[in-house]
Amino acid sequence: MNPITSYTAKLTDEQAKLLEWHLRENNFEPRTVPYARFAGSKPDLNIVFYESGKLVVQGKKTQEFVEFELEPLILKEAKLGYETTLNPELLAPRIGVDESGKGDFFGPLCVAGVYVNAEVIERWKMIGIRDSKNISSDKRINELARVIRETPGCVYTSVPIGNEAYNRLYTKMGSVNLILAWGHARVIENLMLLKHKMNPPPVRAISDQFASSKEVVQKALMGLGRDLELVQRHKAEEDLAVAAASILARDEFVTRLHRLEKEYGVKLPKGASTAVEEAAKEFIAKNGAEALPKIAKTHFRTAYRVQGLPEPPKVEWRKPNAKKE
């Protein structure tokens, strides 16, 4: 396996002072980094400690520094490479589910699911499987997606919801969260239909908690999915199975977005920015407003602006059971 090239940790004030002294005593080159309390570098190694208390280590010598300097001398603990020993639950057979495209005006909503077991997790150590939102390169997303798909023992599936289908679902359901719940439930069900390929069978499915109530997804589960323990939590992408699902979902989204660009001959930027609005106006000028539902999520306020339509009133968000004053 390739050694890790990036590492983050939270340090106490005492650990930070000890690290700063260590860098100075070991001839690290001081650096000035915005919002950093201190930073230093050596060939193939950059270390930054931010005012927030976050430490970031990057470079080819990251693993060597963490294992032989940071952990024994500063943190006084050995974790890197021992995560599964310290927490055996990390090796439990499970399904991770995540989506991509929810916040993008153009392109589909793609939901993916990945089954992992202990052997798969061991194979993925040190290769950079992490939340797709922390991977800026579409090329790297595609490379990691290929690794995930080709890993023996890994079982995966995806449910892309094209724009026309997405817009129909939104008209019917009136909620992005309900669409997501259906997509997550469908992915879990599709994976459970492949249960014969999973050894051992999964004990739970893990996903991000995107709705205020966990019951939204629980109620959407289908026949086979109800046999699993459903775990919903914030920052679920920290789990390797969910991180892998996020990579497959993003790769599916990017692939299908590029396909739409080729089909209509218009650049379709990601997200929901002014560049997105300009591209939408160009698309409408070329193809007509009636074609917009084929490539965009038409409940976005962007869709109203680019067509010169009055925007719907904003709905005030309230916590569940919040009382009016």
Would L224 and L193 count as a side-chain contact (heavy atoms from CB on, under 4.5 Å) here? Give the steps. CA-CA 8 Å; L224 298 175; L193 289 170; 3.5 Å; yes
Chi angles and distances behind the salt bridge (Lys or Arg N to Asp or Glu O under 4.0 Å) call for K42, E29: CA-CA 6 Å; K42 279 187 175 181; E29 185 71 26; over 6 Å; no
Please lay out, stage by stage, how R94 and D239 fare under the test side-chain contact (heavy atoms from CB on, under 4.5 Å). CA-CA 10 Å; R94 60 193 183 274; D239 184 277; 3.0 Å; yes
Applying side-chain contact (heavy atoms from CB on, under 4.5 Å) to I206 and R233, what does each step give before you reach the verdict? CA-CA 8 Å; I206 304 173; R233 60 172 181 248; 4.2 Å; yes
R256 vs E252, test: salt bridge (Lys or Arg N to Asp or Glu O under 4.0 Å). Steps then yes/no. CA-CA 6 Å; R256 289 176 176 271; E252 186 77 29; 2.6 Å; yes
Could you walk me through whether Q218 and L221 pass the side-chain contact (heavy atoms from CB on, under 4.5 Å) test, one step at a time? CA-CA 6 Å; Q218 192 74 50; L221 288 176; 3.6 Å; yes
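Interatomic distance, I295 CD1 to E164 CD, rounded to the nearest 0.5 Å: 10.5 Å. F300 contributes atom CZ, which lies 11.0 Å from atom CZ of F106 (distance to the nearest 0.5 angstrom). Taking CG of L268 as the reference point, atom CG of L260 lies at 6.5 Å (rounded to 0.5 Å). For the atom pair CD1 (I141) and CZ (F253), the distance works out to 12.0 Å, reported to the nearest 0.5 Å. For the atom pair OG1 of T298 and OH of Y304, the computed distance is 7.5 Å after rounding to the nearest 0.5 Å. How far CD of E229 is from CZ of R204: 5.0 Å, rounded to the nearest 0.5 Å.
Atom CD of E215 has 12 or fewer neighbouring heavy atoms from other residues, nucleotides or ligands inside a 6.0 Å radius. Other residues, nucleotides and ligands contribute only 12 or fewer heavy atoms inside 6.0 Å of the CD atom of E14.
Judged by distance alone, the side chain of N142 and the main-chain N or O of D138 form no donor-acceptor pair under 3.5 Å. Side chain of N167 to backbone of A296: a donor-acceptor contact under 3.5 angstrom is found. Using a distance-only test at 3.5 Å, with no hydrogens or angles considered, no donor-acceptor pair links the side chain of T5 to the main chain of Q58. Not a single donor-acceptor pair under 3.5 Å links the side chain of K102 to the backbone N or O of E99. Counting only distance, with no hydrogens or angles, the side chain of Q15 and the backbone of T12 share a donor-acceptor pair below 3.5 Å. Listed for the K133 side chain is no donor-acceptor partner under 3.5 Å among the backbone atoms of E237. Of the possible donor and acceptor atoms, none in the side chain of K281 sits under 3.5 Å from a partner among the backbone N and O of V276. Between the side chain of N163 and the backbone N or O of G107, at least one donor-acceptor pair lies under 3.5 Å. Listed for the E122 side chain is no donor-acceptor partner under 3.5 Å among the backbone atoms of A118. A distance-only check finds a donor-acceptor pair linking the side chain of D104 to the backbone of G271 [under 3.5 Å].
A salt bridge links R149 with D251; the closest basic N to acidic carboxylate O contact falls under 4.0 Å. Salt-bridge formation is not detected for the pair E143/R146: no Lys NZ or Arg NE/NH1/NH2 atom is positioned less than 4.0 Å from an Asp or Glu carboxylate oxygen. For K195 and D227, the salt-bridge test fails: no basic side-chain N is under 4.0 Å from an acidic carboxylate O. In summary, K267 and E261 engage in a salt bridge, as defined by a charged side-chain N under 4.0 Å from a carboxylate O. Ionic pairing of E263 and R259 is not present here: no N-O contact between side-chain nitrogen and carboxylate oxygen is shorter than 4.0 angstrom.
Between P152 and R123 the shortest side-chain heavy-atom distance falls below 4.5 Å. At a threshold of 4.5 Å between non-hydrogen side-chain atoms, the residues D208 and V97 do not count as touching. Between L11 and L19 there is a side-chain heavy-atom pair separated by less than 4.5 Å. Contact of the P312 side chain with the R301 side chain is registered, since non-hydrogen atoms from C-beta on lie closer than 4.5 Å. In this structure the side chain of H22 reaches within 4.5 angstrom of the side chain of L73, judged on heavy atoms. In this structure, R24 and E20 have side chains that are in contact, with non-hydrogen atoms separated by less than 4.5 Å. When side chains are defined from C-beta on, V33 does not count as touching F38, because their heavy atoms never get closer than 4.5 Å. You'll find the side chain of I129 reaches within 4.5 Å of the side chain of I247, heavy atoms only.
Between Y156 and Y115, the ring center distance fails the sub-6.0 Å criterion. Between Y50 and Y35, a ring centre-to-centre spacing not shorter than 6.0 Å is recorded.
Grouping the Ile, Leu, Val, Met, Phe, Trp and Tyr side chains by contacts below 4.5 angstrom, directly or via other members, places L55 with F28. By the criterion of side-chain heavy atoms lying less than 4.5 angstrom apart, applied directly or through intervening Ile, Leu, Val, Met, Phe, Trp or Tyr residues, I161 is not grouped with L248; the two fall into different hydrophobic clusters. Put simply, L292 and L169 are part of two different groups of oily side chains (I, L, V, M, F, W, Y) that touch within less than 4.5 Å, one to the next. Following chains of ILVMFWY side-chain contacts shorter than 4.5 Å, one can reach W182 starting from V111, so the two form part of one hydrophobic cluster. Both L194 and L228 are part of a single hydrophobic cluster, where members link through side-chain heavy atoms under 4.5 Å apart.
I284 and Q307 get closest at one heavy-atom pair: CD1-CG, 3.9 Å. When all heavy atoms of P72 and V66 are compared, the pair lying nearest together is CD-O, 4.0 Å. When all heavy atoms of P43 and K61 are compared, the closest pair comes out as O-CD, 3.8 Å. When all heavy atoms of G153 and N117 are compared, the pair lying nearest together is O-ND2, 4.3 Å. Scanning all heavy atoms of the two residues, the minimum distance from A289 to P293 falls at O-CD, 3.8 Å. When all heavy atoms of S132 and S246 are compared, the pair lying nearest together is N-OG, 3.0 Å.
The only option from V114, V120, I121, V116 that meets the side-chain contact (heavy atoms from CB on, under 4.5 Å) definition with T151 turns out to be V120.
In this structure, K297 forms no cation-pi arrangement with F105, as its terminal cationic atom is not both closer than 6.0 Å to the ring centre and no more than 45° off the ring axis.
A donor-acceptor contact closer than 3.5 angstrom links the side chains of Y166 and H299. Under 3.5 Å, the side chains of R250 and S100 contain a donor-acceptor pair of N or O atoms.
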